[in-house]
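For reference, the structure discussed in these notes is given below.
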Amino acid sequence: MKEGEGELYAVRLEKRRRLDALGIDPYPYAFSRTATAAALEARHEALPAGAETSEEVAVAGRIRAMRNSGMFLDLHDASGKIQVFCHKDFLGPEGFSLLRLLDIGDIAGVKGRVRRTPRGELTVNAQELTLLAKALRPLPEKFHGLADIELRHRQRYLDLIMNRGSRDTFLSRSRVVGAMRRWLASEGYLEVETPMLHPIPGGASAKPFVTHHNALDLDLYLRIAPELHLKRLLVGGLSDRLFEINRCFRNEGLSPRHNPEFTSLELYEAYVDYGAMMALTETLIVEAAEAALGTRRITYGGTEIDLSPPWPRRSMAELVLEATGVDFLALADDGGARRAAEAEGAQLEGRESWGQAMEALFAARVEDRLIAPIHVTGFPRDISPLAKADRRDKRLAERFETFIYGWEIANAFSELTDPLDQNERFLDQMRARAMGDEEAQPLDEDYVRALEYGLPPCGGLGIGIDRLVMLLTDSPSIRDVILFPTLRPR
RNA sequence: GAGCCCGUAGCUCAGCCGGUAGAGCAACUGACUUUUAAUCAGUAGGUCUCGGGUUCGAAUCCCGGCGGGCUCACCA
(Lines give C-alpha, C1' and ligand atoms only; values in the text may rest on other atoms or scores of the structure.)
Protein backbone atom coordinates (compact mmCIF):
# COMPACT_ATOMS: atom_id res chain seq x y z
CA MET A 1 0.00 0.00 0.00
CA LYS A 2 1.26 3.41 -0.95
CA GLU A 3 1.21 6.19 1.56
CA GLY A 4 -1.93 8.13 2.24
CA GLU A 5 -4.25 6.98 -0.52
CA GLY A 6 -6.03 4.43 1.61
CA GLU A 7 -9.30 3.14 0.29
CA LEU A 8 -9.27 4.90 -3.07
CA TYR A 9 -5.91 3.42 -3.93
CA ALA A 10 -6.90 -0.02 -2.68
CA VAL A 11 -10.06 -0.06 -4.79
CA ARG A 12 -8.09 0.67 -7.92
CA LEU A 13 -5.43 -1.88 -7.09
CA GLU A 14 -8.20 -4.44 -6.75
CA LYS A 15 -9.51 -3.44 -10.19
CA ARG A 16 -6.06 -3.94 -11.58
CA ARG A 17 -5.96 -7.38 -10.01
CA ARG A 18 -9.26 -8.22 -11.65
CA LEU A 19 -7.95 -7.01 -15.00
CA ASP A 20 -4.96 -9.31 -14.62
CA ALA A 21 -7.37 -12.16 -13.87
CA LEU A 22 -9.27 -11.41 -17.08
CA GLY A 23 -6.01 -11.50 -19.03
CA ILE A 24 -6.16 -7.76 -19.77
CA ASP A 25 -2.81 -5.98 -19.72
CA PRO A 26 -3.41 -2.73 -17.84
CA TYR A 27 -0.24 -1.24 -19.35
CA PRO A 28 -0.01 -2.34 -22.99
CA TYR A 29 2.73 -1.27 -25.39
CA ALA A 30 1.01 0.81 -28.05
CA PHE A 31 -2.28 1.79 -29.61
CA SER A 32 -2.90 2.59 -33.25
CA ARG A 33 -4.85 5.77 -33.10
CA THR A 34 -6.14 7.38 -36.23
CA ALA A 35 -7.43 10.74 -35.02
CA THR A 36 -7.14 13.36 -32.33
CA ALA A 37 -10.06 15.11 -30.71
CA ALA A 38 -9.25 18.43 -32.34
CA ALA A 39 -8.84 16.87 -35.78
CA LEU A 40 -12.25 15.20 -35.48
CA GLU A 41 -13.88 18.39 -34.28
CA ALA A 42 -12.35 20.30 -37.18
CA ARG A 43 -13.33 17.65 -39.72
CA HIS A 44 -16.90 17.43 -38.47
CA GLU A 45 -17.53 21.02 -37.60
CA ALA A 46 -20.52 21.10 -39.92
CA LEU A 47 -21.97 17.76 -38.84
CA PRO A 48 -25.50 18.55 -37.57
CA ALA A 49 -26.80 17.41 -34.20
CA GLY A 50 -28.25 13.93 -34.39
CA ALA A 51 -26.27 12.98 -37.52
CA GLU A 52 -24.21 9.83 -37.76
CA THR A 53 -21.24 9.10 -40.01
CA SER A 54 -19.74 5.86 -41.27
CA GLU A 55 -16.24 7.09 -40.43
CA GLU A 56 -14.48 4.65 -38.17
CA VAL A 57 -11.77 6.15 -35.98
CA ALA A 58 -9.49 5.15 -33.15
CA VAL A 59 -8.97 7.80 -30.48
CA ALA A 60 -7.03 7.71 -27.25
CA GLY A 61 -6.78 9.81 -24.15
CA ARG A 62 -7.47 10.16 -20.47
CA ILE A 63 -10.96 9.52 -19.13
CA ARG A 64 -11.93 12.75 -17.43
CA ALA A 65 -15.60 12.11 -16.79
CA MET A 66 -18.07 9.22 -16.75
CA ARG A 67 -21.79 9.86 -16.95
CA ASN A 68 -24.79 7.57 -16.86
CA SER A 69 -22.83 4.78 -15.25
CA GLY A 70 -20.17 4.93 -17.93
CA MET A 71 -22.46 5.24 -20.94
CA PHE A 72 -20.74 8.53 -21.67
CA LEU A 73 -17.01 9.05 -21.22
CA ASP A 74 -15.13 12.26 -21.78
CA LEU A 75 -11.79 11.37 -23.31
CA HIS A 76 -9.14 14.11 -23.26
CA ASP A 77 -6.09 13.99 -25.47
CA ALA A 78 -3.48 16.72 -25.91
CA SER A 79 -5.61 18.39 -28.56
CA GLY A 80 -8.93 18.52 -26.74
CA LYS A 81 -11.94 16.49 -25.69
CA ILE A 82 -13.96 13.83 -27.49
CA GLN A 83 -17.02 12.12 -26.03
CA VAL A 84 -17.30 8.34 -26.10
CA PHE A 85 -20.64 6.51 -26.10
CA CYS A 86 -20.69 3.03 -24.62
CA HIS A 87 -23.89 1.27 -25.52
CA LYS A 88 -24.81 -2.38 -25.95
CA ASP A 89 -25.88 -1.64 -29.53
CA PHE A 90 -22.20 -1.19 -30.44
CA LEU A 91 -20.01 -2.44 -27.62
CA GLY A 92 -19.79 -6.16 -26.90
CA PRO A 93 -19.95 -7.87 -23.51
CA GLU A 94 -16.17 -7.99 -23.14
CA GLY A 95 -16.16 -4.21 -23.65
CA PHE A 96 -18.70 -3.82 -20.88
CA SER A 97 -16.78 -5.98 -18.45
CA LEU A 98 -13.75 -3.79 -19.11
CA LEU A 99 -15.84 -0.61 -18.75
CA ARG A 100 -16.84 -1.66 -15.24
CA LEU A 101 -13.15 -1.78 -14.29
CA LEU A 102 -12.34 1.65 -15.70
CA ASP A 103 -12.00 4.76 -13.57
CA ILE A 104 -11.80 8.45 -14.15
CA GLY A 105 -8.13 9.11 -14.76
CA ASP A 106 -7.44 5.95 -16.74
CA ILE A 107 -6.00 6.27 -20.21
CA ALA A 108 -8.03 4.41 -22.80
CA GLY A 109 -8.27 3.85 -26.52
CA VAL A 110 -11.62 3.69 -28.32
CA LYS A 111 -12.48 2.45 -31.78
CA GLY A 112 -15.84 3.30 -33.32
CA ARG A 113 -17.92 5.47 -35.61
CA VAL A 114 -18.25 9.22 -35.32
CA ARG A 115 -21.58 10.92 -34.80
CA ARG A 116 -22.96 14.08 -33.28
CA THR A 117 -25.47 13.48 -30.52
CA PRO A 118 -28.87 15.18 -30.54
CA ARG A 119 -27.48 17.52 -27.92
CA GLY A 120 -24.66 18.52 -30.24
CA GLU A 121 -21.69 16.68 -28.75
CA LEU A 122 -19.25 15.06 -31.17
CA THR A 123 -19.06 11.45 -30.08
CA VAL A 124 -17.43 8.14 -30.91
CA ASN A 125 -19.76 5.14 -30.60
CA ALA A 126 -17.43 2.67 -28.93
CA GLN A 127 -17.14 -0.69 -30.69
CA GLU A 128 -13.87 -1.57 -28.99
CA LEU A 129 -12.52 -0.30 -25.72
CA THR A 130 -8.84 -0.69 -24.81
CA LEU A 131 -7.25 0.14 -21.50
CA LEU A 132 -3.92 1.89 -22.15
CA ALA A 133 -2.91 2.80 -18.61
CA LYS A 134 -4.69 2.08 -15.34
CA ALA A 135 -4.58 5.03 -12.92
CA LEU A 136 -4.06 3.88 -9.36
CA ARG A 137 -4.51 7.32 -7.86
CA PRO A 138 -7.65 9.42 -8.25
CA LEU A 139 -7.58 12.77 -10.03
CA PRO A 140 -8.42 15.94 -8.12
CA GLU A 141 -12.01 17.05 -8.08
CA LYS A 142 -13.40 17.81 -11.51
CA PHE A 143 -14.95 21.20 -10.90
CA HIS A 144 -12.50 23.12 -8.75
CA GLY A 145 -9.55 21.13 -10.01
CA LEU A 146 -6.17 21.42 -8.36
CA ALA A 147 -5.97 24.82 -6.70
CA ASP A 148 -3.26 24.34 -4.08
CA ILE A 149 -0.29 26.30 -5.41
CA GLU A 150 2.25 24.05 -3.76
CA LEU A 151 0.74 20.89 -5.22
CA ARG A 152 0.49 22.50 -8.62
CA HIS A 153 4.26 23.05 -8.56
CA ARG A 154 5.22 19.78 -6.92
CA GLN A 155 2.94 17.65 -9.06
CA ARG A 156 3.02 19.63 -12.28
CA TYR A 157 1.62 16.64 -14.17
CA LEU A 158 -1.58 16.98 -12.15
CA ASP A 159 -1.64 20.73 -12.69
CA LEU A 160 -1.36 20.16 -16.43
CA ILE A 161 -4.14 17.59 -16.43
CA MET A 162 -6.48 19.71 -14.34
CA ASN A 163 -5.76 23.33 -15.21
CA ARG A 164 -6.30 24.48 -18.76
CA GLY A 165 -4.69 27.84 -17.97
CA SER A 166 -1.48 26.25 -16.81
CA ARG A 167 -1.30 24.20 -19.98
CA ASP A 168 -1.90 27.30 -22.08
CA THR A 169 0.89 29.13 -20.26
CA PHE A 170 3.44 26.46 -21.08
CA LEU A 171 2.24 26.18 -24.66
CA SER A 172 2.72 29.95 -24.90
CA ARG A 173 6.17 29.65 -23.45
CA SER A 174 7.08 27.12 -26.07
CA ARG A 175 5.71 29.37 -28.82
CA VAL A 176 7.67 32.35 -27.46
CA VAL A 177 10.97 30.49 -27.50
CA GLY A 178 10.18 28.90 -30.85
CA ALA A 179 9.34 32.25 -32.42
CA MET A 180 12.57 33.78 -31.18
CA ARG A 181 14.63 30.88 -32.49
CA ARG A 182 12.94 30.97 -35.86
CA TRP A 183 13.32 34.70 -36.23
CA LEU A 184 16.98 34.61 -35.22
CA ALA A 185 17.72 31.70 -37.54
CA SER A 186 16.02 33.50 -40.41
CA GLU A 187 18.27 36.52 -39.80
CA GLY A 188 21.39 34.40 -39.85
CA TYR A 189 22.05 34.10 -36.11
CA LEU A 190 23.73 30.82 -35.25
CA GLU A 191 22.52 28.96 -32.17
CA VAL A 192 25.29 27.44 -30.06
CA GLU A 193 25.64 25.66 -26.75
CA THR A 194 28.39 26.60 -24.33
CA PRO A 195 29.36 24.97 -21.05
CA MET A 196 27.12 24.83 -18.01
CA LEU A 197 30.11 23.84 -15.85
CA HIS A 198 32.59 26.67 -15.46
CA PRO A 199 35.93 26.59 -13.66
CA ILE A 200 35.51 30.35 -13.16
CA PRO A 201 31.99 31.72 -12.85
CA GLY A 202 31.89 34.85 -14.99
CA GLY A 203 29.79 37.03 -17.23
CA ALA A 204 27.56 38.43 -14.51
CA SER A 205 27.57 39.59 -10.92
CA ALA A 206 26.00 36.77 -8.93
CA LYS A 207 26.70 34.00 -6.47
CA PRO A 208 27.23 30.65 -8.18
CA PHE A 209 26.40 27.07 -7.27
CA VAL A 210 29.48 24.96 -6.68
CA THR A 211 29.85 21.34 -7.66
CA HIS A 212 32.75 18.92 -7.92
CA HIS A 213 34.19 16.82 -10.68
CA ASN A 214 35.65 13.65 -9.18
CA ALA A 215 37.99 12.48 -11.93
CA LEU A 216 39.55 15.91 -12.29
CA ASP A 217 39.24 16.54 -8.55
CA LEU A 218 38.05 19.98 -9.53
CA ASP A 219 35.47 22.35 -8.15
CA LEU A 220 33.22 23.62 -10.92
CA TYR A 221 30.54 26.28 -10.92
CA LEU A 222 27.18 26.10 -12.59
CA ARG A 223 27.27 28.98 -14.97
CA ILE A 224 25.78 32.31 -13.98
CA ALA A 225 25.93 33.49 -17.61
CA PRO A 226 27.24 32.20 -20.96
CA GLU A 227 28.62 35.62 -21.92
CA LEU A 228 32.36 35.03 -21.84
CA HIS A 229 32.15 31.81 -23.83
CA LEU A 230 29.91 33.33 -26.46
CA LYS A 231 32.35 36.18 -27.01
CA ARG A 232 35.20 33.66 -27.29
CA LEU A 233 33.23 32.20 -30.21
CA LEU A 234 33.08 35.65 -31.78
CA VAL A 235 36.87 35.82 -31.45
CA GLY A 236 37.01 32.45 -33.16
CA GLY A 237 34.84 33.72 -35.99
CA LEU A 238 32.42 30.80 -35.75
CA SER A 239 29.75 33.25 -36.84
CA ASP A 240 29.32 37.02 -36.79
CA ARG A 241 25.90 36.53 -35.26
CA LEU A 242 25.31 33.96 -32.59
CA PHE A 243 23.07 33.25 -29.66
CA GLU A 244 22.25 30.75 -26.95
CA ILE A 245 18.90 30.14 -25.28
CA ASN A 246 19.62 28.14 -22.19
CA ARG A 247 19.73 27.91 -18.45
CA CYS A 248 21.69 29.99 -15.97
CA PHE A 249 22.03 29.25 -12.28
CA ARG A 250 22.32 31.73 -9.46
CA ASN A 251 22.65 30.80 -5.85
CA GLU A 252 20.32 33.43 -4.47
CA GLY A 253 16.99 33.75 -2.75
CA LEU A 254 13.71 32.63 -4.26
CA SER A 255 10.89 35.02 -4.96
CA PRO A 256 7.91 35.38 -7.29
CA ARG A 257 10.41 36.71 -9.83
CA HIS A 258 13.49 34.61 -9.03
CA ASN A 259 14.13 30.93 -9.53
CA PRO A 260 17.63 29.54 -8.93
CA GLU A 261 17.70 28.27 -12.49
CA PHE A 262 16.27 30.45 -15.19
CA THR A 263 16.44 30.76 -18.93
CA SER A 264 18.05 33.56 -20.85
CA LEU A 265 18.63 34.45 -24.44
CA GLU A 266 22.13 35.78 -24.94
CA LEU A 267 23.09 37.12 -28.34
CA TYR A 268 26.23 38.65 -29.81
CA GLU A 269 26.69 40.39 -33.11
CA ALA A 270 29.95 41.58 -34.63
CA TYR A 271 30.48 45.05 -36.08
CA VAL A 272 27.53 46.73 -34.34
CA ASP A 273 27.20 48.67 -31.10
CA TYR A 274 24.49 48.72 -28.46
CA GLY A 275 22.21 50.87 -30.58
CA ALA A 276 21.59 47.86 -32.79
CA MET A 277 20.75 45.83 -29.69
CA MET A 278 17.90 48.21 -28.82
CA ALA A 279 16.22 47.65 -32.16
CA LEU A 280 16.83 43.91 -31.85
CA THR A 281 15.29 43.82 -28.37
CA GLU A 282 12.15 45.51 -29.63
CA THR A 283 11.85 43.17 -32.58
CA LEU A 284 12.41 40.01 -30.57
CA ILE A 285 9.92 40.93 -27.87
CA VAL A 286 7.26 41.92 -30.39
CA GLU A 287 7.87 38.63 -32.23
CA ALA A 288 7.46 36.81 -28.94
CA ALA A 289 4.25 38.64 -28.05
CA GLU A 290 2.71 38.02 -31.41
CA ALA A 291 3.65 34.36 -31.21
CA ALA A 292 2.14 33.96 -27.76
CA LEU A 293 -0.85 36.27 -28.01
CA GLY A 294 -1.25 37.35 -31.60
CA THR A 295 -0.96 40.97 -30.53
CA ARG A 296 1.57 43.47 -29.24
CA ARG A 297 -0.86 44.89 -26.70
CA ILE A 298 -0.62 42.93 -23.48
CA THR A 299 -2.34 43.06 -20.11
CA TYR A 300 -0.40 42.19 -17.00
CA GLY A 301 -2.15 42.18 -13.63
CA GLY A 302 -4.83 44.45 -15.04
CA THR A 303 -2.33 46.92 -16.48
CA GLU A 304 -2.40 47.40 -20.23
CA ILE A 305 0.98 47.68 -21.92
CA ASP A 306 1.56 48.47 -25.57
CA LEU A 307 4.74 46.88 -26.87
CA SER A 308 4.67 48.65 -30.23
CA PRO A 309 8.12 50.00 -31.05
CA PRO A 310 10.02 52.20 -31.01
CA TRP A 311 10.49 52.39 -27.25
CA PRO A 312 11.79 55.53 -25.58
CA ARG A 313 15.49 55.73 -24.67
CA ARG A 314 16.33 57.64 -21.51
CA SER A 315 19.51 57.76 -19.50
CA MET A 316 19.65 56.55 -15.92
CA ALA A 317 21.01 59.90 -14.70
CA GLU A 318 18.19 61.75 -16.43
CA LEU A 319 15.51 59.49 -14.93
CA VAL A 320 17.06 59.77 -11.47
CA LEU A 321 17.25 63.55 -11.79
CA GLU A 322 13.57 63.70 -12.76
CA ALA A 323 12.48 61.49 -9.90
CA THR A 324 14.66 62.94 -7.14
CA GLY A 325 16.17 66.23 -8.27
CA VAL A 326 19.64 64.78 -7.79
CA ASP A 327 22.00 65.23 -10.72
CA PHE A 328 24.58 62.46 -10.38
CA LEU A 329 26.50 63.72 -13.38
CA ALA A 330 27.27 66.81 -11.30
CA LEU A 331 28.54 64.74 -8.36
CA ALA A 332 32.23 64.00 -8.52
CA ASP A 333 33.11 61.53 -5.78
CA ASP A 334 31.80 58.28 -4.30
CA GLY A 335 31.08 59.80 -0.89
CA GLY A 336 28.95 62.60 -2.30
CA ALA A 337 27.08 60.13 -4.45
CA ARG A 338 26.40 57.89 -1.45
CA ARG A 339 25.15 60.79 0.66
CA ALA A 340 22.85 61.98 -2.10
CA ALA A 341 21.46 58.50 -2.71
CA GLU A 342 20.82 57.87 0.97
CA ALA A 343 19.21 61.28 1.41
CA GLU A 344 16.72 60.32 -1.30
CA GLY A 345 15.87 56.96 0.23
CA ALA A 346 18.31 54.40 -1.19
CA GLN A 347 19.62 51.85 1.31
CA LEU A 348 23.40 51.57 1.08
CA GLU A 349 26.08 49.59 2.84
CA GLY A 350 28.56 52.46 2.81
CA ARG A 351 31.20 51.22 0.41
CA GLU A 352 29.30 51.89 -2.81
CA SER A 353 31.00 53.56 -5.72
CA TRP A 354 29.51 56.54 -7.54
CA GLY A 355 27.87 54.24 -10.03
CA GLN A 356 26.57 51.80 -7.46
CA ALA A 357 25.04 54.68 -5.53
CA MET A 358 23.27 56.05 -8.60
CA GLU A 359 22.01 52.59 -9.52
CA ALA A 360 20.74 52.01 -5.99
CA LEU A 361 18.78 55.24 -6.11
CA PHE A 362 17.51 54.36 -9.57
CA ALA A 363 16.32 51.00 -8.24
CA ALA A 364 14.67 52.61 -5.23
CA ARG A 365 12.94 55.52 -6.91
CA VAL A 366 12.63 54.94 -10.64
CA GLU A 367 12.56 51.28 -11.61
CA ASP A 368 9.07 50.26 -10.59
CA ARG A 369 7.54 53.23 -12.40
CA LEU A 370 8.87 52.09 -15.76
CA ILE A 371 5.68 50.31 -16.77
CA ALA A 372 5.68 50.94 -20.52
CA PRO A 373 8.71 49.52 -22.34
CA ILE A 374 11.75 51.75 -22.10
CA HIS A 375 15.46 51.43 -22.76
CA VAL A 376 17.42 52.89 -19.87
CA THR A 377 20.84 53.95 -21.13
CA GLY A 378 23.87 55.51 -19.48
CA PHE A 379 24.61 52.79 -16.95
CA PRO A 380 27.63 53.58 -14.78
CA ARG A 381 30.84 52.10 -16.09
CA ASP A 382 31.96 50.87 -12.68
CA ILE A 383 29.02 48.46 -12.49
CA SER A 384 29.52 47.35 -16.09
CA PRO A 385 32.91 45.61 -16.20
CA LEU A 386 32.26 43.90 -19.54
CA ALA A 387 30.98 46.98 -21.41
CA LYS A 388 32.81 49.64 -23.38
CA ALA A 389 32.95 53.09 -21.87
CA ASP A 390 30.47 55.59 -23.23
CA ARG A 391 32.25 57.32 -26.07
CA ARG A 392 31.14 60.75 -24.70
CA ASP A 393 31.35 60.28 -20.92
CA LYS A 394 33.91 57.88 -19.51
CA ARG A 395 32.05 57.54 -16.21
CA LEU A 396 29.32 55.74 -18.10
CA ALA A 397 29.15 52.58 -20.15
CA GLU A 398 27.51 51.97 -23.48
CA ARG A 399 24.98 49.81 -21.79
CA PHE A 400 21.23 49.79 -21.52
CA GLU A 401 18.61 47.76 -19.75
CA THR A 402 15.10 47.44 -21.06
CA PHE A 403 12.34 47.72 -18.48
CA ILE A 404 8.74 46.61 -18.84
CA TYR A 405 6.30 46.71 -15.92
CA GLY A 406 9.20 47.82 -13.74
CA TRP A 407 11.14 44.66 -14.44
CA GLU A 408 14.48 44.37 -16.12
CA ILE A 409 13.72 42.37 -19.24
CA ALA A 410 16.87 42.94 -21.28
CA ASN A 411 20.46 43.99 -20.65
CA ALA A 412 22.84 44.91 -23.44
CA PHE A 413 26.04 46.72 -24.23
CA SER A 414 28.68 47.64 -26.68
CA GLU A 415 30.98 44.85 -25.61
CA LEU A 416 34.35 45.73 -24.20
CA THR A 417 36.91 44.45 -26.69
CA ASP A 418 40.15 46.06 -25.46
CA PRO A 419 42.10 43.34 -23.60
CA LEU A 420 44.12 45.79 -21.51
CA ASP A 421 41.03 47.73 -20.45
CA GLN A 422 39.25 44.43 -19.75
CA ASN A 423 42.14 43.27 -17.61
CA GLU A 424 42.00 46.51 -15.63
CA ARG A 425 38.26 46.10 -15.12
CA PHE A 426 38.80 42.58 -13.82
CA LEU A 427 41.45 43.88 -11.43
CA ASP A 428 38.99 46.51 -10.19
CA GLN A 429 36.47 43.72 -9.65
CA MET A 430 39.05 41.67 -7.76
CA ARG A 431 39.72 44.65 -5.51
CA ALA A 432 35.98 45.02 -4.85
CA ARG A 433 35.87 41.31 -4.09
CA ALA A 434 38.71 41.66 -1.65
CA MET A 435 36.77 44.47 0.00
CA GLY A 436 33.85 42.10 0.56
CA ASP A 437 31.74 42.37 -2.58
CA GLU A 438 30.93 38.68 -3.02
CA GLU A 439 29.38 39.22 -6.40
CA ALA A 440 32.27 41.09 -8.02
CA GLN A 441 33.43 39.20 -11.06
CA PRO A 442 36.58 37.07 -10.82
CA LEU A 443 39.43 37.47 -13.29
CA ASP A 444 39.19 35.07 -16.21
CA GLU A 445 42.67 35.08 -17.70
CA ASP A 446 41.78 32.93 -20.66
CA TYR A 447 39.01 35.35 -21.55
CA VAL A 448 41.48 38.21 -21.54
CA ARG A 449 43.83 36.08 -23.64
CA ALA A 450 41.01 35.55 -26.15
CA LEU A 451 40.53 39.32 -26.36
CA GLU A 452 44.25 39.66 -26.99
CA TYR A 453 43.73 37.76 -30.25
CA GLY A 454 41.15 40.35 -31.28
CA LEU A 455 37.41 40.48 -30.61
CA PRO A 456 35.63 42.45 -33.33
CA PRO A 457 33.55 45.40 -32.17
CA CYS A 458 30.24 43.89 -31.18
CA GLY A 459 26.96 44.33 -29.44
CA GLY A 460 25.64 41.84 -26.89
CA LEU A 461 22.14 41.33 -25.57
CA GLY A 462 20.55 39.26 -22.84
CA ILE A 463 16.81 38.74 -22.43
CA GLY A 464 15.24 37.01 -19.43
CA ILE A 465 12.88 34.51 -20.98
CA ASP A 466 11.00 33.58 -17.81
CA ARG A 467 10.01 37.13 -16.97
CA LEU A 468 9.10 37.84 -20.54
CA VAL A 469 6.82 34.80 -20.51
CA MET A 470 5.33 35.97 -17.20
CA LEU A 471 4.43 39.28 -18.82
CA LEU A 472 3.03 37.68 -21.93
CA THR A 473 0.95 35.10 -20.07
CA ASP A 474 -0.16 37.39 -17.23
CA SER A 475 1.44 35.03 -14.70
CA PRO A 476 1.95 36.44 -11.19
CA SER A 477 4.86 34.14 -10.28
CA ILE A 478 7.92 32.87 -12.10
CA ARG A 479 6.89 29.45 -10.81
CA ASP A 480 3.88 29.63 -13.06
CA VAL A 481 6.10 29.72 -16.13
CA ILE A 482 8.74 27.16 -15.10
CA LEU A 483 7.49 23.59 -15.44
CA PHE A 484 9.37 22.29 -12.42
CA PRO A 485 10.35 25.24 -10.22
CA THR A 486 12.84 24.77 -7.41
CA LEU A 487 11.12 23.66 -4.19
CA ARG A 488 12.24 22.32 -0.88
CA PRO A 489 11.90 18.55 -0.98
CA ARG A 490 9.07 17.31 1.15
C1' G B 1 17.92 35.31 6.19
C1' A B 2 13.60 38.56 8.61
C1' G B 3 8.23 39.88 9.07
C1' C B 4 3.04 38.64 8.13
C1' C B 5 -0.45 34.81 6.59
C1' C B 6 -1.77 29.62 5.56
C1' G B 7 -1.68 23.85 6.39
C1' U B 8 -8.99 19.85 8.29
C1' A B 9 -11.20 13.28 3.87
C1' G B 10 -7.97 11.78 -2.68
C1' C B 11 -9.52 17.17 -4.33
C1' U B 12 -12.25 22.01 -3.20
C1' C B 13 -13.68 23.99 1.27
C1' A B 14 -16.80 24.77 6.14
C1' G B 15 -15.95 24.21 11.47
C1' C B 16 -11.57 27.66 15.02
C1' C B 17 -14.03 33.38 21.40
C1' G B 18 -12.19 25.01 23.86
C1' G B 19 -16.76 19.99 24.75
C1' U B 20 -12.53 14.64 20.72
C1' A B 21 -15.18 16.68 13.03
C1' G B 22 -18.89 18.33 8.33
C1' A B 23 -20.40 19.43 2.94
C1' G B 24 -19.68 18.94 -2.36
C1' C B 25 -16.95 16.24 -5.91
C1' A B 26 -14.16 11.56 -6.22
C1' A B 27 -14.96 6.16 -4.21
C1' C B 28 -18.37 1.99 -2.98
C1' U B 29 -23.70 -0.38 -3.33
C1' G B 30 -28.05 0.21 -5.94
C1' A B 31 -31.59 2.91 -9.21
C1' C B 32 -31.70 5.34 -13.87
C1' U B 33 -29.86 4.68 -19.20
C1' U B 34 -28.77 9.83 -24.99
C1' U B 35 -25.64 12.45 -20.70
C1' U B 36 -22.82 17.56 -20.44
C1' A B 37 -20.08 19.60 -13.08
C1' A B 38 -25.81 13.85 -15.45
C1' U B 39 -29.52 12.74 -11.65
C1' C B 40 -31.64 10.01 -7.25
C1' A B 41 -31.15 6.83 -2.68
C1' G B 42 -27.76 4.72 0.55
C1' U B 43 -22.59 3.35 2.45
C1' A B 44 -17.72 4.08 3.66
C1' G B 45 -13.67 7.35 4.20
C1' G B 46 -9.98 11.75 8.95
C1' U B 47 -2.97 10.27 14.12
C1' C B 48 -7.67 17.97 11.78
C1' U B 49 0.98 19.15 8.92
C1' C B 50 4.37 17.26 13.12
C1' G B 51 6.10 17.71 18.37
C1' G B 52 5.46 19.86 23.03
C1' G B 53 2.51 22.97 26.57
C1' U B 54 -2.05 25.03 29.05
C1' U B 55 -6.71 22.57 30.40
C1' C B 56 -11.13 17.96 33.34
C1' G B 57 -11.17 18.31 27.89
C1' A B 58 -7.43 21.12 22.05
C1' A B 59 -8.77 20.99 14.87
C1' U B 60 -9.75 25.39 18.00
C1' C B 61 -5.46 28.73 22.84
C1' C B 62 0.31 29.08 23.58
C1' C B 63 5.51 27.59 22.07
C1' G B 64 8.65 25.08 18.62
C1' G B 65 9.61 22.18 14.00
C1' C B 66 8.31 21.07 8.82
C1' G B 67 6.08 22.71 4.15
C1' G B 68 3.86 26.69 1.32
C1' G B 69 2.21 31.91 -0.05
C1' C B 70 3.15 37.16 0.16
C1' U B 71 6.40 41.29 1.54
C1' C B 72 11.46 42.85 2.44
C1' A B 73 16.80 42.05 1.51
C1' C B 74 20.10 39.99 -2.86
C1' C B 75 19.38 39.48 -7.84
C1' A B 76 17.31 38.67 -13.59
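Note that this is a predicted model, so its numbers are computed, not measured. Letters A, B, ... are given to chains in the order of the sequence lines, protein chains preceding strands, and every chain is numbered from 1.
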How would you label the contact of [X] with the nucleic acid (heavy atoms, under 4.0 Å): base, sugar-phosphate, or nothing?
X	result
Ile409(A)	nothing
Glu439(A)	sugar-phosphate
Ala206(A)	nothing
Asp74(A)	nothing
Glu121(A)	base
Arg64(A)	nothing
Glu141(A)	base
Gly105(A)	nothing

Pairing nucleotide - [N], Watson-Crick or G-U, each distance under 3.5 Å:
N	result
rA26(B)	none
rG19(B)	rC56(B)
rC32(B)	none
rG64(B)	rC50(B)
rA2(B)	rU71(B)

Quick one about [Y] and [X] (side-chain donor to acceptor, distance below 3.5 Å, no hydrogens or angles considered), yes or no?
X	Y	answer
Glu344(A)	Thr324(A)	no
Glu191(A)	Tyr189(A)	no
Lys231(A)	Tyr447(A)	yes
Asn259(A)	Arg479(A)	no

By nearest atom, which of the nucleotides [options] is closest to the [X] side chain?
X	options	answer
Gln347(A)	rU36(B), rA73(B), rA38(B)	rA73(B)
Glu252(A)	rA26(B), rU34(B), rA76(B)	rA76(B)
Ala65(A)	rA27(B), rU36(B), rA38(B)	rA38(B)
Arg67(A)	rA38(B), rU33(B), rU34(B)	rA38(B)
Leu8(A)	rG68(B), rC74(B), rA26(B)	rA26(B)
Pro138(A)	rA76(B), rG10(B), rA27(B)	rG10(B)

Answer yes or no: does a side-chain N or O of [X] lie under 4.0 Å from OP1 or OP2 of [N]?
X	N	answer
Arg137(A)	rC11(B)	no
Lys15(A)	rC28(B)	yes
Lys142(A)	rA38(B)	yes

Figure out the [atom1]/[atom2] separation between [X] and [N], and round it to whole Å.
X	N	atom1	atom2	value
Arg257(A)	rC74(B)	CZ	P	14 Å
Ile104(A)	rA37(B)	CD1	C1'	10 Å
Ile149(A)	rG7(B)	CD1	C1'	13 Å
Asn125(A)	rU33(B)	CG	P	19 Å
Arg488(A)	rG68(B)	CZ	P	6 Å
Leu139(A)	rA37(B)	CG	P	17 Å
Asn251(A)	rA76(B)	CG	P	14 Å
Phe209(A)	rC74(B)	CZ	C1'	13 Å

Worksheet item: Sub-3.5 Å donor-acceptor pair from the side chain of Gln155(A) to the main-chain atoms of Leu158(A), do we have one?
Response: no
Whole-angstrom distance between [N] and [M], as gauged at atom [atom1]:
N	M	atom1	result
rU39(B)	rC4(B)	P	45 Å
rG7(B)	rC48(B)	C1'	10 Å
rC25(B)	rG45(B)	C1'	14 Å

Worksheet entry | Non-neighbouring partners of Glu244(A) that pass side chain to side chain donor-acceptor pair (under 3.5 Å), sequence neighbours left out | Thr194(A), Arg223(A), Asn246(A)
Item to complete: With RNA chain B as reference, determine whether Lys81(A) or Glu261(A) sits nearer its 5' end, using the nearest nucleotide of each.
Response: Lys81(A)
Worksheet, complete the sentence: Between Arg479(A) and Gly253(A), the residue closer to the 5' end of RNA chain B by nearest nucleotide is Arg479(A)
Discussion item. Determine whether a donor-acceptor pair (one donor, one acceptor, N or O, separation below 3.5 Å) exists between the side chain of Ser69(A) and the base of rC32(B).
Written reply: yes
Item to complete: Using the aromatic ring of Phe72(A) (for Trp, its six-membered ring), decide whether it stacks on the base of rA38(B) within the limits of 5.5 Å and 30°.
Response: no
Discussion item. Classify the ring geometry of Phe400(A) against His375(A): parallel below 30°, tilted from 30° to 60°, perpendicular beyond 60°.
Written reply: perpendicular
Discussion item. If we check side chain to side chain contact (heavy atoms under 4.5 Å, CB included) with Ile82(A), which of these qualifies: Thr36(A), Leu73(A), Leu40(A)?
Written reply: Leu40(A)
